[in-house]
Amino acid sequence: MKPWWLKSLRLLEVVVVVAVLGNVFFSRLEAVRFHGDESHWIATSCYFEALATLGFSEPAWLRISDIPDEFPVPPWLVATLAPEASYTHVWSAHYWTLTQPMVSRYIIALGRIAGGYCVGDLNIPWDFHITDSQNVSLGALPSPGLLRSSRAMMALLSVISGVVLFLLVRHCAGMLAGYSFVAMYVGSWYLLLHLRRAMSEAPLVFFTALALLCAARALTVAPRRLGRAVAWLLLMSVCAGLAGAAKLNGLVLGFAAAVLCFVVAFRHCRPGMKRWRVAFLAALLATAITAGVFILVNPFLYPQPWLRTIAMVRFRQWEMTNQARRPEWRIPDFFARLHIVPLRIFHDYPAVHILFFNEPLTVLGLFVLIRGAWRWVQGKERLTGGRSMSAGTALAILVVAAVTALPPLLTPLDWDRYYMYPVIFVSVSVAIGLGWIASHWRDLVALYNES
């Protein structure tokens, strides 16, 4: 059992990290560069009132919304997207229900309600086909107070996400690794920009951090505590469903939970238990919970959940295809991707804009994570190089990073916010690499002297 003074010191450490993150993320929220998409997210935060109140009256711009004529609706989706398939227009198939899921809108609503703003105070959505001045004159720019209240909620989520990731990195690779991550988290202009805008990035990172925390807890329970480990993975599935309901790509966390169900079952099952059956049932339950939560928070999906989810995915694919037709936005070919993507995630967007700093430390961090994962599979709870370094946490980070950070590398669009997952996990890997160096510096010095 840890002595009281050590627990107090750890608590003080968390308080200091919270203070640092809070001071940085809440500072000058009004100075964050405005993006027209913020207008969309704030305007559609009225969906919280549509969910929570009876007799909700749609704003005029929402009442006239429908499915774009250019969107090719397959014949097998026509019936489920027809107006008569829904009991009210606000939850029927139209642009605002197809383009994004709902949870980020609900969270923005909580922020502006806390700031004293109701549906009547909302702006109309930004129109990218007219000039900025025309948008402002039409009322598409949120008022300063409304914008700040909406952003404050994003800042709060980002602070919590930073603290959770700090604790996980510290638990995995030591104190210096944790502090290094905090420095890179607050030192990246990219993260400070996108995690404070009133959009979906902060909620996505928040639920991802919670899912990662649940995964780490599942992989660090005492041996032969299979039930407790699976319970943590089912809680991870809840977070995965909410991440997907914040932004569609968050649904991949449900796959990570299912994979970890197999990993945990094969490690913790007692002799005589049917491992494949336990693993399959746990993974099936994790997948069902992820899907159930994703559907539960979005009444648009209620009439035909699977068909309408497919419609949302196809609509986003159609939108991205149209966006990729613009030469200034798209990554033209494979060779351009080999140049652009590493430049973005290792130079432009991390806190340190030095390729030869970020690339080797990322590789080193991945080596430490892979080694930790292998030790966990072998039944060892700790990484070498220090008693405080958790092999289970390393495996959790590795799996979540693999399913979330790799797919965005194939995006057809060179849009900055699409690199959020890779930048976050590059920062984590760099911090872990620095932590490994700190715990092995004597060995490195001795090796250098011998050479």
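What you see is a predicted model; the values in this text were computed from it and never measured. Below, all heavy atoms of this structure are taken into account, side chains as well, without hydrogens, waters or symmetry copies.
Between Ser161 and Tyr185, some side-chain heavy-atom pair lies under the 4.5 Å cut-off. The shortest side-chain heavy-atom distance between Arg33 and Arg197 falls under the 4.5 Å cut-off. You'll find the side chain of Thr290 stays beyond 4.5 Å of the side chain of Met236, heavy atoms only. For the pair Lys247 and Ser104, the minimum side-chain heavy-atom distance is 4.5 Å or more. The shortest distance between side-chain heavy atoms of Leu62 and His94 falls below 4.5 Å. Side-chain contact between Glu58 and Ser65 is absent, with no heavy-atom pair separated by less than 4.5 Å. Side chains of Val103 and Phe207 form a contact here, defined as non-hydrogen atoms less than 4.5 Å apart. Ile397 has its side chain within reach of Cys172: a pair of non-hydrogen atoms, C-beta onward, lies under 4.5 Å apart.
Enclosure of atom CZ in Arg316 by more than 12 non-hydrogen atoms of other residues, nucleotides or ligands within 6.0 angstrom is indicated. Within a 6.0 Å sphere centred on CH2 of Trp415, other residues, nucleotides and ligands contribute more than 12 heavy atoms. For CZ of Arg344, the number of neighbouring non-hydrogen atoms (other residues, nucleotides, ligands) closer than 6.0 Å is greater than 12. Around the CZ atom of Phe280, the shell of radius 6.0 Å holds no more than 12 heavy atoms that belong to other residues, nucleotides or ligands. Around atom CZ of Phe34, more than 12 heavy atoms belonging to other residues, nucleotides or ligands sit under 6.0 Å away.
For the atom pair CG of Asn123 and CG of Leu146, the computed distance is 6.0 Å after rounding to the nearest 0.5 Å. Considering OG of Ser427 and CG of Leu191, their distance stands at 6.0 Å, rounded to 0.5 Å. Ser188 OG to Asp348 CG: the interatomic distance, rounded to the nearest 0.5 Å, is 10.5 Å. Atom CZ of Phe71 sits about 9.0 Å away from atom CD of Glu319, to the nearest 0.5 Å. Distance check: Ser149 OG to Leu110 CG gives 12.0 Å after rounding to the nearest 0.5 Å. Once rounded to the nearest 0.5 Å, the distance linking OG of Ser429 with CD1 of Ile424 reads 11.5 Å.
For Asn358 (side chain) and His347 (main-chain N/O), no donor-acceptor pair under 3.5 Å exists by modelled atom type. Remark: side-chain polar atoms of Ser237 are paired, donor with acceptor, to backbone N or O of Ala286 under 3.5 angstrom. Counting only distance, with no hydrogens or angles, the side chain of Ser39 and the backbone of Ile124 share a donor-acceptor pair below 3.5 Å. Side-chain N or O atoms of Ser27 include none that pairs as donor or acceptor with a backbone N or O of Val24 at under 3.5 Å. Within the 3.5 Å criterion, the main-chain N or O of Phe166 finds no donor-acceptor partner in the side chain of Arg170. Asp414 contributes no side-chain N or O that, together with a main-chain N or O of Ile331, makes up a donor-acceptor pair within less than 3.5 Å. For Ser92 (side chain) and His89 (main-chain N/O), a donor-acceptor pair under 3.5 Å exists by modelled atom type. Ser158 contributes a side-chain N or O that, together with a main-chain N or O of Leu195, makes up a donor-acceptor pair within less than 3.5 Å. The backbone N or O of Arg217 lies less than 3.5 Å from no partner atom in the side chain of Arg228, so there is not a single donor-acceptor pair.
Nearest heavy-atom pair, Leu212 versus Phe425, reported as atom, atom and distance to 0.1 Å: CD2-CE2, 4.4 Å. Contact between Ala109 and Ser45 at its shortest, heavy atoms only, is CB-O, 3.5 Å. Across all their heavy atoms, Asp121 and Gly116 have their closest contact at OD2-O, 4.1 Å. Scanning both residues, Ala324 and Arg330, for their nearest heavy atoms gives O-CD, 3.0 Å. In terms of heavy-atom proximity, Leu21 sits nearest to Val159 at CD1-O, 3.6 Å. When all heavy atoms of Ala43 and Leu122 are compared, the pair lying nearest together is O-CD1, 3.6 Å.
With Tyr47 as the fixed residue, the ring-ring contact (aromatic ring centres under 6.0 Å, His included) test singles out one of Phe56, Tyr106, Trp41, Trp91: Trp91. When each of Thr97, Ile107, Leu301, Thr44 is paired with Met102, the side chain to side chain contact (heavy atoms under 4.5 Å, CB included) condition holds for Thr97 and for no other.
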Ile345 and Leu409: CA distance, side-chain angles, deciding distance, side-chain contact (heavy atoms from CB on, under 4.5 Å) verdict: CA-CA 9 Å; Ile345 64 176; Leu409 303 182; 4.1 Å; yes
Start with the C-alpha distance between Arg151 and Glu30, add both sets of side-chain angles, then the distance that settles salt bridge (Lys or Arg N to Asp or Glu O under 4.0 Å), and finish with yes or no. CA-CA 8 Å; Arg151 286 175 171 177; Glu30 66 282 352; over 6 Å; no
Using side-chain contact (heavy atoms from CB on, under 4.5 Å), reason through Leu77 and Arg314 one step at a time and then give a plain yes or no. CA-CA 11 Å; Leu77 284 179; Arg314 289 179 69 97; 4.0 Å; yes
Take Phe262 and Val259 through the side-chain contact (heavy atoms from CB on, under 4.5 Å) test and state the conclusion after the steps. CA-CA 5 Å; Phe262 278 88; Val259 169; 5.9 Å; no
Using the rule given for side-chain contact (heavy atoms from CB on, under 4.5 Å), can you reason through Trp126 versus Asp37, listing the C-alpha separation, both sets of side-chain angles and the distance that settles it, and then say yes or no? CA-CA 7 Å; Trp126 197 269; Asp37 280 356; over 6 Å; no
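In summary, the side chains of Gln100 and Ser200 do not present any donor paired with an acceptor at a separation below 3.5 Å, with no hydrogens or angles considered. A donor-acceptor pair shorter than 3.5 Å can be found between the side chains of Thr208 and Tyr421.
Taking the six-membered ring for Trp and the full ring otherwise, the centers of Trp96 and His40 sit less than 6.0 Å from each other.
Using a 4.0 Å cut-off between charged nitrogen and carboxylate oxygen, Glu49 and Arg112 count as a salt-bridge pair.
Relative orientation of the Tyr349 and Tyr190 rings is parallel, given thresholds of 30° and 60° on the angle between their planes.
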